[in-house]
Amino acid sequence: HSDDGDGDDDDDDGDAAAAAAAGTDANVAHVRVTTRRQPFFYVDLVTRLLHARERVELSGIGNTVNTLCTSTEILRSLEIAVVVRVHTSSVRDRRGPHAR
């Protein structure tokens, strides 16, 4: 999962490096989707990463889910990537329904 972040850095290379942090498996790139970028930014990023990696995993939380799903659908429809798994979850507030 990811954090949306508050920065407004427009440096594409810096954002790409931060978004594509290598995981424990050298063949897997992990991309944290944010709302600061348009879906085609992630389409381009994933396309580049797939040249060097076997698999790319996209993740996001909250408002990023729309950007994540749109990017994934574009990648799928252009036959750049295959969707292997979609996972969702929710957080349960233990403080009760009226807590602030």
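Heads up: numbering here begins at 1 and tracks the sequence.
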When rounded to the nearest 0.5 angstrom, what distance separates [atom1] in [X] from [atom2] in [Y]?
X: Asn66; Y: Thr35; atom1: CG; atom2: OG1; result: 10.5 Å
X: Ile80; Y: Asp44; atom1: CD1; atom2: CG; result: 8.5 Å
X: Thr70; Y: Gln38; atom1: OG1; atom2: CD; result: 9.5 Å
X: Thr67; Y: Arg36; atom1: OG1; atom2: CZ; result: 12.0 Å
X: His30; Y: Leu58; atom1: NE2; atom2: CG; result: 11.0 Å
X: His87; Y: Glu57; atom1: NE2; atom2: CD; result: 11.5 Å

Nearest heavy atoms of [X] and [Y], plus distance in Å:
X: Val65; Y: Gly60; answer: CG2-O, 4.3 Å
X: Leu68; Y: Ser59; answer: CD1-C, 3.2 Å
X: Thr72; Y: Val83; answer: CG2-CG2, 3.4 Å

Less than 4.5 Å apart, side chain to side chain, heavy atoms only: is that true for [X] and [Y]?
X: Arg55; Y: Val28; answer: yes
X: Tyr42; Y: Thr34; answer: yes
X: Ser71; Y: Val46; answer: no

- prompt: When hydrophobic residues are tied together by side-chain contacts of less than 4.5 Å, even through go-betweens, does Leu78 share a cluster with Leu49?
  reply: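 Leu78 clusters together with Leu49.
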
